[in-house]
S.K.: 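Below you will find the structure I want to go over with you.
We count residues from 1, following the sequence as given.
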Amino acid sequence: MKKLSLFFLVLVSGIAIAQQDKNVGQVPHTNEIEIDSVALDTIVLDEVLISKIKMNAADKKAFQLLQYRVYKVYPFAKLTAEKLTTIKKNIENLKTHREKKRYMKIVEDYLNNEFKDRLKNLSRKQGQILVKLIYRQTGATTYDLIKEYKSGWKAFWSNTTAYLFDINLKESYQPFADNEDFWIETILYRAFVDGRLAEQKPATPIDFDALNAHWEQLAKDLKK
């Protein structure tokens, strides 16, 4: 997570359709075990009924784990979008390359002290979900953001290093096509309505009713 964390320290100042036959209506499962100071059972779920799909025990457990991960990393994605806007605005007001370079150095040093310990402790799966949510909030992949604020060469190596940790920095967020992204969006929608997370509009508007109807129709079509 070292390369990944380095990028977030700068920016925080910043299963496909072909698999639907086996994934529609199912919560993505994982064998990864995460241990954190916040227990999973602190996230209370009512009788789970989403998209008219009743979850079995295994799906409910997987949903709780996914929900826990989303709750943990969403604030970082939100903060990234907020600070990215600030960085762009401040850089536009600087006249010389030297001033811009000095500004970015100050930002990086501050964030290194402020956020490094929290970011480096994310699990692999949490890191990948964070990459997806960065895309949701900014409209750009983490790879492209690194390329914009650093160099293309650094972006290439950051992505290559991330792959070693099963993290793809080029991954986008596609809730209408990717089953896990649909469940992530469902979790966010419920969290915003319940007031568990502070809502920040995504870079590209998402009609949740249309999204829900889309996956319900896919499920119906597969049953025919």
S.K.: How long is the gap from CG on L66 to CD on Q126, to the nearest 0.5 Å?
M.R.: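 L66 CG to Q126 CD: 11.0 Å, rounded to 0.5 Å.
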
S.K.: Show the nearest heavy-atom pair for residues E185 and I206, with the distance to one decimal.
M.R.: OE1-CD1, 3.5 Å

S.K.: With sequence neighbours excluded, what pairs up with N93 under the side chain to side chain donor-acceptor pair (under 3.5 Å) test?
M.R.: none

S.K.: Quick one: are I167 and L169 in side-chain contact, heavy atoms under 4.5 Å?
M.R.: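 I167 reaches L169 side chain to side chain.
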
S.K.: Is it true that the NZ or CZ of K132 lies under 6.0 Å from the centre of Y173's six-membered ring and within 45 degrees of the ring axis?
M.R.: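 No, K132 does not sit over the ring of Y173.
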
S.K.: Examine Y68 together with F63 and report whether their ring centres are nearer than 6.0 Å.
M.R.: no

S.K.: Quick one: CG on L130 to CD1 on I134, what's the gap to the nearest 0.5 Å?
M.R.: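 If we round to the nearest 0.5 Å, L130:CG and I134:CD1 are 5.0 Å apart.
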
S.K.: Are E99 and K101 ion-paired here, with the side-chain N under 4.0 Å from a carboxylate O?
M.R.: no

S.K.: One pair to check against side-chain contact (heavy atoms from CB on, under 4.5 Å): Y71 and I187. What are the steps and the verdict?
M.R.: CA-CA 9 Å; Y71 275 36; I187 289 168; 3.7 Å; yes

S.K.: Take K89 and T86 through the test side-chain contact (heavy atoms from CB on, under 4.5 Å) and record every step on the way to the result.
M.R.: CA-CA 5 Å; K89 182 177 180 180; T86 300; 5.8 Å; no

S.K.: Is there a donor-acceptor contact under 3.5 Å from the side chain of E171 to the main chain of T141?
M.R.: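 No, because the side chain of E171 does not come within donor-acceptor range (under 3.5 Å) of the backbone of T141.
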
S.K.: How far does OG1 of T142 sit from CD of Q128, to the nearest 0.5 angstrom?
M.R.: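 Going from OG1 on T142 over to CD on Q128, the span is 8.5 Å.
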
S.K.: Any chance you could measure H97, atom NE2, to R102, atom CZ, to the nearest 0.5 Å?
M.R.: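 It comes to 12.0 Å.
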
S.K.: Report the distance from atom OH of Y189 to atom CG of L197, rounding to the nearest 0.5 Å.
M.R.: 14.5 Å

S.K.: Apply ring-ring contact (aromatic ring centres under 6.0 Å, His included) to the pair Y143 and Y135, showing each step before the final yes or no.
M.R.: CA-CA 10 Å; Y143 178 90; Y135 185 94; over 10 Å; no

S.K.: So, the side chain of E82 versus the backbone of L79: is there a donor-acceptor pair under 3.5 Å, distance only?
M.R.: no

S.K.: Do F208 and T186 come close enough that some side-chain heavy atom pair is under 4.5 Å?
M.R.: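 A side-chain contact under 4.5 Å exists here.
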
S.K.: Short question: side chain of N168, backbone of K170 - any donor-acceptor pair under 3.5 Å?
M.R.: yes

S.K.: Please name the pair of heavy atoms, one in A203 and one in G139, separated by the smallest distance, quoted to 0.1 Å.
M.R.: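 In terms of heavy atoms, the two residues are closest at CB-N, 3.3 Å.
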
S.K.: Nearest heavy-atom pair of D209 and D207: which atoms, and what distance?
M.R.: N-OD1, 3.1 Å

S.K.: Could you check if a side-chain atom of L122 sits within less than 4.5 angstrom of a side-chain atom of V73, using non-hydrogen atoms only?
M.R.: yes

S.K.: Ignoring hydrogens and angles, tell me if any N or O in the side chain of W215 forms a donor-acceptor pair with the backbone of N179 under 3.5 Å.
M.R.: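 Such a contact is absent between W215 side chain and N179 backbone.
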
S.K.: Using the test side-chain contact (heavy atoms from CB on, under 4.5 Å), find all partners of D166 that sit at least two apart in sequence or belong to another chain.
M.R.: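 Counting only residues at least two positions away or on another chain, D166 forms a side-chain contact (heavy atoms from CB on, under 4.5 Å) with R124.
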
S.K.: Check whether any side-chain heavy atom of I129 lies under 4.5 Å from a side-chain heavy atom of K125, and answer yes or no.
M.R.: yes

S.K.: Does Q174 offer a backbone N or O that forms a donor-acceptor pair with the side chain of D181 under 3.5 Å?
M.R.: yes

S.K.: Counting C-beta onward and ignoring hydrogens, is there a side-chain heavy-atom pair between F182 and L211 closer than 4.5 Å?
M.R.: yes

S.K.: First locate atom CD of E92, then atom CD1 of I87, and finally report the distance between them rounded to the nearest 0.5 Å.
M.R.: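 With rounding to 0.5 Å, CD (E92) is 12.0 Å from CD1 (I87).
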
S.K.: Check whether any side-chain heavy atom of L188 lies under 4.5 Å from a side-chain heavy atom of L133, and answer yes or no.
M.R.: yes

S.K.: Whether the side chain of Q200 engages the backbone of K78 through a donor-acceptor N/O pair (distance < 3.5 Å, no angle test) should be reported.
M.R.: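 Pair found, side chain donor or acceptor close to backbone of K78.
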
